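Predicted, not measured: the structure shown is a model, and the values here were computed from it. Numbers for residues simply follow the sequence, beginning at 1.
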Amino acid sequence: ETLALKHAFEAKDINSLVKKIIAGQCSVLPANYSAPVRDLVKSMLSLQPGARPGIDRILSLPFIRKEMASYIQNQLAGDASMAKLVSQDPKLFGYKQEEQSHL
């Protein structure tokens, strides 16, 4: 919904909405989003819970890692060495935040 700026499932009434959700008939993301982003959203909306990606899988996606590294570099005020480490293992960002909060 946030990416498409509209509801993932649209229907005229609640019964139709429930049927669309159960059938997995959701709106397609606009083409201006990259294929990896569209694939991620599609997998997150999978009808089979086991087919939905977990947070570890999401954090390991190259485009997510790239964006996180950029964000983290800005958040760490130019600490390039930490940004490089976090881009290799995104879980480190949480540890860095914990360390800073204890100071």
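- The two residues R57 and S60 come nearest to each other via the heavy atoms O-OG, 2.8 Å.
- Cluster annotation: I21 is not connected to L29 through the hydrophobic network of ILVMFWY side chains, with a link wherever side-chain heavy atoms come within less than 4.5 Å.
- Going from atom OG of S43 over to atom CG of L61 covers 8.0 Å, rounded to the nearest 0.5 Å.
- Side chain of K20 to main chain of E10: a donor-acceptor pair is present (N/O by atom type, distance under 3.5 Å, no hydrogens or angles).
- No side-chain heavy atom of R52 sits less than 4.5 Å from a side-chain heavy atom of L45.
- Under a hydrophobic clustering in which Ile, Leu, Val, Met, Phe, Trp and Tyr are joined whenever their side-chain heavy atoms come within less than 4.5 Å, directly or via other members, I55 and M68 fall into the same cluster.
- Here N15 pairs with D13 under the side chain to side chain contact (heavy atoms under 4.5 Å, CB included) rule; sequence neighbours left out.
- Residue L47 is not grouped with residue L17 when hydrophobic side chains (ILVMFWY) are merged at heavy-atom distances under 4.5 angstrom, including chains of intermediate members.
- Rounded to the nearest 0.5 Å, atoms OH (Y33) and CZ (R38) are 11.0 Å apart.
- Considering all non-hydrogen atoms of both residues, L59 and R65 come closest at O-CG, 3.1 Å.
- Shortest non-hydrogen contact noted between F63 and V37 is CE1-CG2, 3.5 Å.
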